[in-house]
Amino acid sequence: MLINLSNHPASQWSEAQKKAARDQFGQVTDLPFPAIDPAGDETYIRELVAEYLLKVQTISQGTSGVAIHIMGEMTFTFAMVIALQKSGFTCVASTTERITVEQGGFKTSEFRFLKFREYGRL
């Protein structure tokens, strides 16, 4: 199982990303990324991490080999990855290739999924 903790629901992923997720992890379950208050302090982040760790544990209860796809606000993501890893979860990020096209004075970027990469362990 892959728990998708990001602002991008799996239903909106490219076919390549959906296939990679199914092939590597099986079922994908979305857990929407929280809206992080930019005025929040470190205590706020710790409390939010505790809340979301409990949500992940509830979703994954009774399932082995669960990985968490986590992408979002950096201080929460960093603290959440540490908490998840301490609880025995594998955490992954999605990697993309950025394709930029400049036309008529406008730049457009397309992000093409390449793979899931595991977060390093501290």
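Treat the numbers as computed from the prediction; the structure is a model and nothing was measured.
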Legend entry - Hphob cluster co-occupancy, Val56 + Val92, side-chain heavy atoms under 4.5 angstrom: no

Inset, instruction - Tell me whether Phe76 is reachable from Leu53 by hopping between hydrophobic residues (I, L, V, M, F, W, Y) whose side-chain heavy atoms are closer than 4.5 Å. - result: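 Shared cluster, yes.
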
For [X], is the [atom1] atom crowded, meaning more than 12 foreign heavy atoms sit under 6.0 Å from it?
{"X": "Gln103", "atom1": "CD", "answer": "no"}
{"X": "Arg121", "atom1": "CZ", "answer": "yes"}
{"X": "Glu51", "atom1": "CD", "answer": "yes"}

Inset, instruction - Please list all pairs passing the ring pair (Phe, Tyr, Trp, His ring centres under 6.0 Å) test where one or both residues lie in residues 87-115, with sequence neighbours left out. - result: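 Checked against ring pair (Phe, Tyr, Trp, His ring centres under 6.0 Å) - neighbours excluded - the pairs reaching residues 87-115 are Phe113-Phe116.
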
Legend entry - Residue pairs passing the side chain to side chain donor-acceptor pair (under 3.5 Å) test where at least one lies in residues 32-44, sequence neighbours excluded: Thr43-Arg46

Legend entry - Qualifying side chain to side chain donor-acceptor pair (under 3.5 Å) pairs, either residue in residues 80-95, two or more places apart: His69-Ser94

Please tabulate, for the side chains in residues 5-12, all donor-acceptor contacts under 3.5 angstrom to protein atoms that are two or more places apart in sequence or on a different chain.
unit_1: Ser6; atom_1: OG; unit_2: Asn4; atom_2: OD1; d: 2.8
unit_1: Ser6; atom_1: OG; unit_2: His8; atom_2: N; d: 3.1
unit_1: Ser6; atom_1: OG; unit_2: His8; atom_2: O; d: 3.3

Legend entry - Least distance between heavy atoms, Ser60 atom then Met1 atom: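 Minimum heavy-atom separation between Ser60 and Met1: CA-SD, 4.5 Å.
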
Legend entry - Gln61 and Thr63: side chain donor to acceptor below 3.5 Å: no

Legend entry - Qualifying residues under side chain to side chain contact (heavy atoms under 4.5 Å, CB included), relative to Glu97, sequence neighbours excluded: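 Glu97: side chain to side chain contact (heavy atoms under 4.5 Å, CB included) contacts with Ile99, Leu114.
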
Legend entry - Under the side chain to side chain contact (heavy atoms under 4.5 Å, CB included) test, residues paired with Ala93 that sit two or more places apart: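 For Ala93, the residues satisfying side chain to side chain contact (heavy atoms under 4.5 Å, CB included) (neighbours in sequence not counted) are Met71, Tyr119.
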
